[in-house]
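Working notes for the structure below.
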Amino acid sequence: MPETNPVIIVGAGPAGLGVARNLNRHCMIVEAESVPGGLMRSKQIDGYVFDWAGHIFFTRIQRINDLVSGLMQANFHWQNRESWVFSKRTYTRYPFQANTYGLPVSVIKECLMGLAESTF
């Protein structure tokens, strides 16, 4: 017997579109913007293009990477992260909190103590 309850999904971002795709039934997606994508969009202001944070897509699950790149096709660019923070006369990989190698021992100790204080 077919399901008769309507399914309404609020938001056509990656999560809403993913739910709609995997429900395997008819549903209605309600989106405030004129196009789907959620925060995965760019905005042009005074001739400059600004990317919203959704352009940064993180997952270590290969089938999700394959799905997104397959759906986006030519509109998908893979970029290996190469970000560094310059502090205490040394370059440290980003994110700074997880990459303290090369920093003075006193700075590493301060970072670890701050982590311990915020955790416990």
Side-chain angles (χ1 to χ4, degrees):
M1 179 172 173
E3 296 187 37
T4 57
N5 294 332
V7 174
I8 299 174
I9 298 171
V10 179
L17 294 172
V19 168
R21 183 179 188 279
N22 287 296
L23 275 178
N24 200 25
R25 60 179 283 197
H26 180 77
C27 54
M28 176 188 287
I29 302 175
V30 180
E31 171 58 48
E33 299 292 332
S34 61
V35 294
L39 294 179
M40 294 183 73
R41 68 180 74 246
S42 300
K43 190 168 191 166
Q44 190 164 0
I45 302 172
D46 297 329
Y48 297 96
V49 177
F50 296 91
D51 291 337
W52 291 21
H55 279 74
I56 304 167
F57 181 78
F58 296 102
T59 182
R60 292 186 179 174
I61 303 169
Q62 190 57 48
R63 71 179 178 82
I64 301 296
N65 277 328
D66 294 343
L67 172 65
V68 171
S69 64
L71 291 171
M72 299 300 292
Q73 296 180 5
N75 198 23
F76 186 79
H77 171 74
W78 180 263
Q79 178 67 48
N80 290 324
R81 180 167 51 195
E82 187 66 31
S83 301
W84 298 82
V85 176
F86 184 73
S87 178
K88 307 296 180 185
R89 296 187 215 166
T90 189
Y91 286 95
T92 306
R93 284 195 173 276
Y94 178 87
F96 179 86
Q97 299 85 342
N99 297 287
T100 57
Y101 178 80
L103 291 170
V105 173
S106 61
V107 174
I108 296 171
K109 181 180 177 184
E110 182 182 350
C111 290
L112 291 173
M113 294 305 292
L115 174 64
E117 290 170 9
S118 68
T119 305
F120 301 109

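Everything quoted here is computed from the prediction, not taken from an experiment.
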note = Between F50 and I45 the two heavy atoms that sit nearest each other are CE1-CB, 4.0 Å
message = With clusters defined by side-chain heavy atoms of hydrophobic residues (ILVMFWY) lying less than 4.5 Å apart, directly or transitively, does V68 cluster with I61?
response = yes
query = Looking at L17 and P36, what are the two nearest heavy atoms and their distance?
reply = CD1-CB, 4.3 Å
query = What closest approach, in Å, do P104 and K88 show between heavy atoms, and which atom pair accounts for it?
reply = CD-CB, 3.8 Å
query = Hey, does N5 have a side-chain heavy atom less than 4.5 Å from the side chain of V7?
reply = no
ask   = According to the interplanar angle, ranging from 0 to 90°, do the rings of F86 and Y91 count as parallel (below 30°), tilted (30 to 60°) or perpendicular (above 60°)?
value = tilted
request  = Of all the heavy-atom pairs spanning L103 and S87, show the shortest one and how long it is.
outcome  = CD2-O, 3.7 Å
query = More than 12 non-hydrogen atoms from neighbouring residues, nucleotides or ligands closer than 6.0 Å to OH on Y48, yes or no?
reply = no
query = Quick one: does V107's side chain get under 4.5 Å of T100's, heavy atoms only?
reply = no
key: N22 atom CG: more than 12 heavy-atom contacts under 6.0 Å   = yes
note = Between Y94 and V85 the two heavy atoms that sit nearest each other are CD1-CG2, 4.2 Å
ask   = For the residue pair A20 and I29, what are the closest heavy atoms and their distance?
value = CB-CD1, 3.7 Å
message = Donor-acceptor check, side chain of E31 to backbone of E33, threshold 3.5 angstrom: yes or no?
response = yes
